[in-house]
Asker: 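My structure is below; once you've seen it, I'll send some questions.
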Amino acid sequence: MEESHDHGNHRRARRRRPRERDHGRAARRARTALRGGAVRHRPLSGAFPQLAAELGADATGAQLTLTGFLVGVAAGQLLFGPLSDRFGRRGPLLAGAIALVVASAAAVVAPTLEILIAARVVHGLAGAAGMVLGRAVISDLATGPAAARAFSLMMIVGGVAPVIAPLVGGFISAPLGWRGVLAVVLAIAVAMLLAVLVVVRETHPASARARRAPGAATGARALRTRGYLGHALAFAFAFAVMMAYISASPFLYQTMMGFDEVQYGLLFGVNALALMATSALSARLADRVVPRRLLGWGLTGSLAGAVLFLAIAVSGAPAPLLAVAVFVAVAPLGLVLGNATALAQAAAPGAAGLASAVLGALQFGLAALVSPLVGLGGETTAVPCGIVMAVSAAIALIAFRLAHSERTAVLASPSGRKDLDHCA
């Protein structure tokens with residue numbers, strides 16, 4: 001009965017909400033905004049040995065360039081999101097794109113580790129503008145299933161980038177060196193700035209800000225509801241599953257399973273393609289299956305894979321079986337990331353920028369937390385990685401269930417109630 005009611009709402013939503021037809025335009029503009037932030041995620045990690053040798057640093061010092069970037073990303077989400085609610089999307093996005101070009105140039109010519117770390121912090125801070133505003137732009141232009149479809153398409157870039165970036169960075173670092181990797185990032189930053197100038201238009205103009213101003217507090221209050229917090233936590237902890245796998249992958253595939261660099265790259269690529277495929281599948285199914293159901297399927301599948309991974313690690317079964325468990329845990333995330341984002345954003349219709357900012361801060365804050373945890377047992381055991389993946393997947397599923405344990409997720413706003421019904 002509930003499923004019939006969900007699909008009835010789903011069909012009515014498509015008839016009466018013309019904004020849902022904007023999903024293609026929303027996704028294109030969001031991808032333009034997102035691309036600059038996404039492509040800079042961990043491309044330098046494969047060049048850490050070269051970087052450390054040239055700048056006279058140890059492994060810890062080289063790792064600080066990544067830590068600084070992640071700190072900057074988390075802080076930038078909380079800066080640019082609220083600013084965009086107040087001043088519009090395009091102005092903060094342009095400011096972030098310009099700062100990104102400057103930081104990229106400073107990183108390329110950095111003479112010391114300290115200057116490089118500082119440049120990487122600004123890198124993350126400025127790059128966060130594209131990430132947080134990409135989600136806000138979609139919320140401005142689309143609602144309901146169309147928003148879920150657009151977010152799923154956007155996650156093909158934003159969700160797969162953390163998987164592909166280290167692989168691409170490692171591939172180009174050999175011929176170009178670590179400064180060459182950063183020069184490529186600079187070129188992409190310049191291209192992003194040009195794309196923002198040419199493609200992105202204001203989606204949250206002064207008239208809309210004035211019209212939404214009376215409801216801004218209501219939107220902010222919605223961030224404390226189960227509807228928002230449940231889906232935001234489901235998104236963040238599902239992303240933590242992927243980050244645990246990414247952080248542990250070098251020793252999992254090479255040290256424990258004995259694969260060489262080429263085989264490691266191929267397996268990494270298979271998982272990336274699986275994530276892209278399920279993200280595309282989620283987008284195609286958005287008109288036929290409500291986002292809540294797709295999200296539940298994805299979280300359940302990811303938890304099953306994470307538990308399987310932990311069981312293999314604890315039992316001492318042949319290490320190559322871990323590759324199968326990783327695939328089962330990571331592939332379903334394509335059904336999770338876009339739909340969880342759509343449901344979280346729908347729960348805060350009066351504060352899309354702030355909602356996106358908190359979502360991103362949770363995402364990268366947890367990523368920074370879980371990355372070192374997977375290596376606590378050394379390079380000869382996958383048990384810590386399995387624990388982190390299983391616990392993260394379980395919390396994500398529990399948060400999702402709590403979000404739907406009551407149907408009052410966005411009762412603070414009549415429009416918010418409609419959007420949630422269309423998504424749920």
Side-chain angles (χ1 to χ4, degrees), residues 41-42 45-46 155-156 158-168 170 234-282 297-337 363 366-367 369-397:
H41 191 70
R42 297 178 62 122
S45 56
M155 287 304 156
I156 295 177
V160 175
V163 182
I164 293 180
L167 184 63
V168 174
F235 171 85
F237 277 97
F239 190 80
V241 173
M242 185 167 68
M243 286 304 301
Y245 146 67
I246 292 172
S247 300
S249 61
F251 79 83
L252 278 178
Y253 286 127
Q254 295 179 274
T255 304
M256 293 190 63
M257 301 182 201
F259 295 122
D260 59 27
E261 291 184 0
V262 174
Q263 293 169 324
Y264 166 53
L266 289 174
L267 288 169
F268 219 77
V270 166
N271 291 331
L273 287 174
L275 189 60
M276 293 175 65
T278 51
S279 296
L281 175 65
S282 179
W297 291 346
L299 290 172
T300 302
S302 184
L303 177 59
V307 171
L308 176 62
F309 183 99
L310 179 58
I312 293 171
V314 171
S315 67
L321 291 177
L322 292 172
V324 177
V326 163
F327 181 89
V328 175
V330 171
L333 294 179
L335 300 177
V336 172
L337 300 178
Q363 173 188 7
L366 274 175
L369 178 64
V370 303
S371 294
L373 294 180
V374 299
L376 290 180
E379 296 186 356
T380 59
T381 177
V383 172
C385 180
I387 292 173
V388 171
M389 290 175 65
V391 170
S392 297
I395 293 175
L397 185 57

Asker: Check whether any side-chain heavy atom of F327 sits under 4.5 Å from a side-chain heavy atom of V270, and report yes or no.
Answerer: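 Counting from C-beta outward, F327 and V270 do come under 4.5 Å.
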Asker: Would you mind writing out the side-chain donor-acceptor pairs for residues 383-395 within the sub-3.5 Å range, not counting sequence neighbours?
Answerer:
residue : atom : partner : partner atom : Å
S392    : OG   : V388    : O            : 2.8

Asker: Locate the shortest heavy-atom distance separating P332 from G301; write the atom from each residue and the value.
Answerer: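 Distance-wise, the nearest heavy atoms are CG-C, 3.8 Å.
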Asker: With rounding to the nearest 0.5 angstrom, report the CG to CZ distance, L299 to F235.
Answerer: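 Result: 12.0 Å between the selected atoms.
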Asker: How long is the span from the OG1 atom in T381 to the CG atom in L252, to the nearest 0.5 Å?
Answerer: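 It is 9.5 Å, given to the nearest 0.5 Å.
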Asker: If only atom types and distance count, is the side chain of T278 paired as donor or acceptor with the main-chain N or O of A331 below 3.5 Å?
Answerer: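 Looks like yes, one N/O pair under 3.5 Å.
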Asker: With S282, which residues qualify under side-chain hydrogen bond (donor to acceptor under 3.5 Å, both in side chains), at least two apart?
Answerer: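 S152, N339.
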Asker: Any chance you could measure Y245, atom OH, to Y253, atom OH, to the nearest 0.5 Å?
Answerer: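 Spacing of OH (Y245) from OH (Y253) equals 4.0 Å.
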Asker: Write down the atom of V328, the atom of G305, and the distance for their closest heavy-atom approach.
Answerer: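 Nearest heavy atoms, V328 then G305: CG1-CA, 3.5 Å.
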Asker: What pairs with L321 under side chain to side chain contact (heavy atoms under 4.5 Å, CB included), at least two apart in sequence or on another chain?
Answerer: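 Result, side chain to side chain contact (heavy atoms under 4.5 Å, CB included) vs L321: I312, A317, P318.
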Asker: At their closest point, which heavy atom of V374 faces which heavy atom of S371, and how far apart are they?
Answerer: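 That would be CG2-O, 3.2 Å.
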Asker: Hey, what do you get for CE (M257) to CG (L322), rounding to the nearest 0.5 Å?
Answerer: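 Atom-to-atom, M257:CE and L322:CG are 4.5 Å apart.
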Asker: Could you pull out the closest heavy-atom pair between G298 and V336, with the gap in Å?
Answerer: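 Answer, listing the atom of G298 first, then V336: C-CG2, 3.5 Å.
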Asker: Closest approach of F239 and A367, non-hydrogen atoms and distance?
Answerer: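 Smallest heavy-atom distance, with atoms named: CE2-CB, 4.1 Å.
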Asker: If every non-hydrogen atom of L303 is compared with every non-hydrogen atom of L397, which pair is closest and at what distance?
Answerer: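 Closest pair (atom of L303, atom of L397, distance): CD2-CD2, 3.7 Å.
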